[in-house]
Amino acid sequence: MSKFLRKPLLCFMLLPIAAIPHVRAQAGPPEAVLHYADLVLYNGKVLKADERFTLAEAIAVRDGKFLAVGSNQEILPLAGPRTQRIDLNGRCVIPGFVETHLHQAHVGNGATERGRKRLEMKTVERALEELRAELKGLEPGKWLVVGGPRSDVFYKLTIKELDAVSPQNPLAIINMNEEALVNSLALKEAAIPRDTPGYILDPQTAEPTGHLARWASGTLIYEKLPWPPLTEELLQEQKDMLKILHSK
């Protein structure tokens with residue numbers, strides 16, 4: 001066969017081969033489903049938080065990021081064999097909403113709430129009487145941790161008064177888990193450095209006032225206070241708290 005005849009034949013054979021990738025790319029699946037979503041929520045009310053606050057029915061999530069938002073018909077095909085599917089049954093989804101005031105630490109730290117008695121503390125004298133009553137029969141060296149309302153009385157109490165009423169027991173009055181008032185034994189046991197933010201000193205004497213706030217109170221409450229005995233009642237309370245948190 002002459003060179004003249006071979007060249008057209010070669011071109012004829014190469015044309016279909018070069019066209020194959022293009023044909024396959026056109027017939028293949030959309031880019032969005034080359035990897036299926038990890039999670040698909042559907043049949044709900046998804047607040048898109050756009051200018052009109054429009055609603056969608058479903059969302060798809062992959063690698064912790066939103067893959068797509070749209071109708072059930074658009075989103076469900078993005079689910080593969082291993083995708084977790086959740087039927088919202090009309091419930092609302094608010095993407096990006098962050099609860100910034102949820103006291104989750106209460107679930108894990110029983111010392112912050114469980115077994116703590118709250119004092120009325122209507123007056124300084126009444127607060128000291130209540131403390132004496134709680135200290136009766138308490139073994140020397142054991143902590144007494146009670147709650148108190150955010151009131152003038154809480155701020156009027158002094159470390160000297162607490163030392164006088166509780167000379168043998170570390171004493172802590174917790175105010176809304178944000179502030180604490182302690183006696184000298186509690187300060188010694190907790191061993192919180194004086195330069196900790198919220199460790200309040202007397203401006204004239206530079207001695208501790210017994211009042212702790214912010215970081216200092218958090219260190220006391222979540223790191224230093226003794227934990228109560230792990231009883232069945234305490235475990236059940238924590239399980240109930242977890243159920244409440246998961247239901248929100």
Between the CD atom in Glu179 and the CD1 atom in Ile174, the distance rounded to the nearest 0.5 Å is 10.5 Å
Residues passing the side chain to side chain donor-acceptor pair (under 3.5 Å) test with Glu134, sequence neighbours excluded, are Lys117
Taking Ser217 for its side chain and Ala180 for its backbone only, find out whether a donor-acceptor pair lies under 3.5 Å. no
With rounding to the nearest 0.5 angstrom, report the CD1 to CD distance, Ile59 to Glu74. 14.0 Å
Quick one: salt bridge (charged side-chain N to carboxylate O under 4.0 Å, His left out) pairs with a partner in residues 201-210, sequence neighbours left out? Arg194-Glu207
Spatial distance of atom CG (Leu171) from atom CG (Asn183) [nearest 0.5 Å]: 5.0 Å
Minimal heavy-atom distance between Ala190 and Lys224, with the atoms involved, is O-CE, 3.1 Å
Measuring from Arg85:CZ to Leu76:CG, what's the distance to the nearest 0.5 Å? 7.5 Å
Less than 4.5 Å apart, side chain to side chain, heavy atoms only: is that true for Leu181 and Asn175? no
Which distance, rounded to the nearest 0.5 Å, do you find between the CG of Leu157 and the OG1 of Thr123? 9.5 Å
Sequence neighbours left out, what passes side chain to side chain contact (heavy atoms under 4.5 Å, CB included) with Arg52? Give chain and number order. Asp50, Thr54
Linking I/L/V/M/F/W/Y whenever any side-chain heavy atoms sit under 4.5 Å apart, do Trp215 and Ile221 land together? no
With sequence neighbours excluded, what pairs up with Arg91 under the salt bridge (charged side-chain N to carboxylate O under 4.0 Å, His left out) test? none
What about Leu185 and Leu187, same hydrophobic cluster or not, with Ile/Leu/Val/Met/Phe/Trp/Tyr joined at side-chain heavy-atom distances under 4.5 Å? no
Just do the side chain to side chain contact (heavy atoms under 4.5 Å, CB included) check on Val93 and Leu88 with the steps written out, would you? CA-CA 9 Å; Val93 174; Leu88 296 172; 3.5 Å; yes
Side chain to side chain contact (heavy atoms under 4.5 Å, CB included) assessment of Val182 paired with Ile159: CA-CA 7 Å; Val182 298; Ile159 191 171; 5.6 Å; no
Carboxylate-amine/guanidinium proximity below 4.0 Å for Arg126 and Glu129: yes
In terms of heavy-atom contacts, Leu78 and Tyr36 come closest through O-CD2, 3.5 Å
pair Pro170-Leu144: side-chain heavy atoms closer than 4.5 Å: no
Note: Lys122 and Val153 closest approach over all heavy atoms is O-CG2, 3.5 Å
Does anything in residues 153-169 pair up under salt bridge (charged side-chain N to carboxylate O under 4.0 Å, His left out), and if so which pairs, sequence neighbours excluded? none
Report yes if the side chains of Leu67 and Asp38 come closer than 4.5 Å at any heavy-atom pair, otherwise no. no
Grab the two heavy atoms, one from Met121 and one from Ile173, that are nearest each other, plus how far apart they are. SD-CG2, 4.1 Å
Audit row: Leu39, Ile86, side chain to side chain contact (heavy atoms under 4.5 Å, CB included) steps and yes/no: CA-CA 8 Å; Leu39 171 68; Ile86 297 180; 3.9 Å; yes
Taking every non-hydrogen atom, the tightest pair across Pro77 and Asn72: CD-O, 4.1 Å
Could you check Asp87 against Asn89 for side chain to side chain contact (heavy atoms under 4.5 Å, CB included), going step by step and ending with a plain yes or no? CA-CA 6 Å; Asp87 186 348; Asn89 291 314; 3.4 Å; yes
For Ala216, the side chain to side chain contact (heavy atoms under 4.5 Å, CB included) test, sequence neighbours excluded, returns Thr196, Tyr199, Leu212
Could you tell me the separation between the OG atom of Ser71 and the CG atom of Asn43, rounded to the nearest 0.5 Å? 11.5 Å
Minimal heavy-atom distance between Pro140 and Asn169, with the atoms involved, is CA-ND2, 3.7 Å
Please tell me whether Ile200 and Tyr155 are part of a single hydrophobic cluster in this structure, the criterion being side-chain heavy atoms less than 4.5 Å apart. no
For residues Leu225 and Leu220, determine if any side-chain heavy atom of one lies less than 4.5 Å from a side-chain heavy atom of the other. yes
